[in-house]
Amino acid sequence: MKKYHVWTEGCQMNVADSQRVGSALEHLGYTFTGRAEEADVIVLNTCVVRQSAEDKATGRLYSLRPLKDRNPGLVINLMGCLVGVRGGEKLRARFPFVDVFSPPSDPGPLVSFLTQGETQALEAAETARRFAMMDGELQLPEPERGKLVAAHIPVVYGCSHACTFCIIPYRRGVERSRPVGEIVAEARALVAQGVREVTLLGQIVDRYGRDVPDGPSLAGLLRVLDQVEGLDRIRFLTSHPNYFTDELMDAVASLPKVMPHIEIPIQAGADGVLEAMRRGYTQADYRRIVEKIRARVPGCSIATDIIVGFPGEGEAQFQQTYQVLSDLKLDVAHLARYSPRPGTVAERRMPDDVPEEEKMQRFRLLEELQEGIVGEINARYLGQAVEVLFEEKVKGRWKGRTPTNKLVFVESEADLRGRILPVSVTWTGPWSMQAVLSPTSLRQGEKGAG
Ligand code: SF4
C-alpha cells in the first residue's frame, strides 16, 4: 500500500487545499502517514505571506533531500504560494530534487505526475474521479474522516485588490469565484462525513460572485447553504470594509445557521497609511461599517487585522491605530509587524523606515490594549448559558466554540465530538473560557441534533 504525507504551512486556505490533495491521493489508492520517512509521496504546501514562513518552508524542503537521496522513487511535491500562479521554473533550478511544482489550490499537476505512464484506462478512471470530486463527492483524507467537525471551503480563489504590502495577488492570481452548485455539493459531501460547520474562504470573501456576469452574491450563497440538511453552522472570512453590503449583514442577521462573527481587517488607523497600503477606505469608513454591523447584527463578534510599522507610520499615525482599537473594542485583533515581501509594491517603492525595536514596542502596546479589551468582553459571558459546538478533546478537556467564535473548554467523560450543547460559563480569560455542561444538556443536545 503506497503512502502519502502532507506538511501544511499558512492560512486556512492552505489547510483546505491540503485536504483536497489528500482526497485526490486517496482516490488514487494512497493512504496517509504522519511520518515523512515512510511516505512514497510527500506534499509540502507552502505559505509566503511572511518571510519567516517562506524560510520555514525552504528549510523543511532541504530537510527532505536526504530522504530523496536514499529513495529516488520518492515523489516530492512543492505546492502553494511559494510556487505561485506563474509556475515553478525558477524553483526547479533551485530545488532539482523536487518532482512536481503545483500552484495553490490545484492537486492536478501531482495527480498527472503520479498517473503518468499508467494505462489509458487508469487515466480515464482518474479523470472521472476528479470530476466526481469537483461534483462534490469530496472524500476527506482518511485521518480526518469522521473526526473533522469544522471544515473550510474555498469559494473565491486569488485576489484582484493589490494592497501594496501583499504578495497574494502575485501568487494566487486574479479573483475567481467557484460555482454555487460546486460549493453546495462540497458542503453536502463534508456533512456526509461528519462535518457540522463550514467556513467559506476567500481573500475578500464578500466579493464572491462579482467576477462573474450576473453572478451570485455571498449573501445568496449563504441563503442556499443555510438549507443544507445536517449542516449546523456557517462562517465566512475574510471580509473587506468596501464590500460588506447591507444584503450580507441582513443574511448574517437573519439566517439561523450563519454565525454572528465577522473577520474584517482595518490594517491601520491613519488615513495616510491606509492610502499608502492602497486599502481603499478611511478610518471613518471602517468605524461606520463596524457601527452598522453592530446595529444590524446585535451581539455579533468582530475580529480585525492590524499591521504596525508600515513605511511612513510615525508615532502620530500609530496613535491613531491605538485610538481606533481602543474606541471600537473589537473581539479579536490579529497583530503583525510589517516586513517587506519581495516583489510587492511596498518593497519596491517604500523604504522600510520604522526600526524593528519601534515595531516591537508598538506591537506590544496594541497587544496589551487588546488583552484588556477582550478580557472585559469575555467577562460578560461569566455565568451565561451559551451553545457550544464541540470539536475535539485536548489534554483531557473538550474544546469547542460559541456562535461568536469564542473558545470554550469543558470537562466531560462523554463523547461530545460534533455535538452542539448548551453550557454554563464558569471562568473567562482573554483567550478562552471554561464551562460546565448542565445536567440536562446532553439530553437537550440529542433533541437539538435530531
Ligand atoms: S485584499 Fe489586499 S491584503 Fe487581502 S489578499 Fe487582496 S491584496 Fe492581499
Could you tell me which non-hydrogen atom of [X] sits nearest to which non-hydrogen atom of [Y], and how far apart they are?
X    : Y    : value
A251 : L222 : CB-CD1, 4.4 Å
R60  : S63  : O-OG, 2.6 Å
C159 : I168 : CB-CG2, 4.4 Å
T33  : A39  : CG2-CB, 3.9 Å
V252 : P260 : CG1-CA, 4.2 Å
V205 : L218 : O-CD2, 3.7 Å

Tell me whether [X] is salt-bridged to [Y], with the criterion being a basic N under 4.0 Å from an acidic carboxylate O.
X    : Y    : answer
E391 : R417 : no
E313 : R362 : yes
E186 : R20  : yes
D331 : K406 : yes
R296 : D250 : yes
K3   : D40  : no

Are side-chain heavy atoms of [X] and [Y] found at a separation under 4.5 Å?
X    : Y    : result
V195 : V149 : no
L78  : L91  : yes
L110 : V43  : yes
V388 : R401 : no
I264 : L237 : no
L225 : L200 : yes
P154 : R178 : yes
N77  : L44  : no

Distance-only, no hydrogens or angles: does the [X] side chain make a donor-acceptor pair with backbone N or O of [Y] under 3.5 Å?
X    : Y    : value
K399 : V408 : no
T238 : Q203 : no
Y170 : A162 : no
T58  : E54  : yes
Y322 : L369 : no
Q283 : G269 : yes
D99  : I76  : yes
R210 : P216 : no
S102 : P109 : no
N14  : E9   : yes

K56 NZ: over 12 foreign heavy atoms closer than 6.0 Å: no
Is atom CD of E275 surrounded by more than 12 heavy atoms (other residues, nucleotides or ligands) closer than 6.0 Å? no
Distance in Å, [X] [atom1] paired with [Y] [atom2], rounded so as to fall on 0.5 Å steps:
X    : Y    : atom1 : atom2 : value
T321 : L274 : OG1   : CG    : 7.5 Å
L325 : Q320 : CG    : CD    : 13.5 Å
N405 : E197 : CG    : CD    : 7.0 Å
D327 : K329 : CG    : NZ    : 7.0 Å
M13  : S18  : CE    : OG    : 12.5 Å

Quick note, side-chain hydrogen bond (donor to acceptor under 3.5 Å, both in side chains) partners involving residues 220-231, not counting sequence neighbours, are R223-E247
Scan side-chain atoms only and decide if [X] and [Y] contain a donor-acceptor pair under the 3.5 Å cut-off.
X    : Y    : answer
S177 : D211 : yes
H161 : E175 : no
T404 : S301 : no
R380 : Q384 : no
N45  : T8   : no
Y4   : E26  : yes

In terms of the angle between their ring planes, are F310 and F165 parallel, tilted or perpendicular, with boundaries placed at 30° and 60°? perpendicular
Is it true that F101 and F95 have ring centroids separated by less than 6.0 Å? no
For Y243, does the six-membered ring have the charged nitrogen or CZ of R207 within the cation-pi criterion, i.e. under 6.0 angstrom from the centroid and within 45° of the normal? yes
Is the NZ or CZ atom of R337 positioned over F363's six-membered ring, under 6.0 angstrom from the centre and within 45° of the axis? yes
May I have the step-by-step check of side-chain contact (heavy atoms from CB on, under 4.5 Å) for E367 and L335, ending in yes or no? CA-CA 8 Å; E367 199 175 43; L335 306 175; 4.0 Å; yes
Tell me, with the steps shown, if L231 and R196 meet side-chain contact (heavy atoms from CB on, under 4.5 Å). CA-CA 5 Å; L231 182 62; R196 300 195 67 180; 5.9 Å; no
Could you please spell out the steps behind the salt bridge (Lys or Arg N to Asp or Glu O under 4.0 Å) verdict for R341 and E347? CA-CA 6 Å; R341 301 299 295 117; E347 186 262 341; over 6 Å; no
Test log, rule side-chain contact (heavy atoms from CB on, under 4.5 Å), inputs S217 and Y208: CA-CA 6 Å; S217 64; Y208 174 73; over 6 Å; no
Only residue of L221, L201, D206 satisfying side chain to side chain contact (heavy atoms under 4.5 Å, CB included) with F236 is D206
Partner set under ring-ring contact (aromatic ring centres under 6.0 Å, His included) for H5, not counting sequence neighbours: none
Go through the steps to decide whether V332 and V374 satisfy the test side-chain contact (heavy atoms from CB on, under 4.5 Å), and finish with yes or no. CA-CA 7 Å; V332 182; V374 185; over 6 Å; no
D352: what forms a salt bridge (Lys or Arg N to Asp or Glu O under 4.0 Å) with it, not counting sequence neighbours? K359
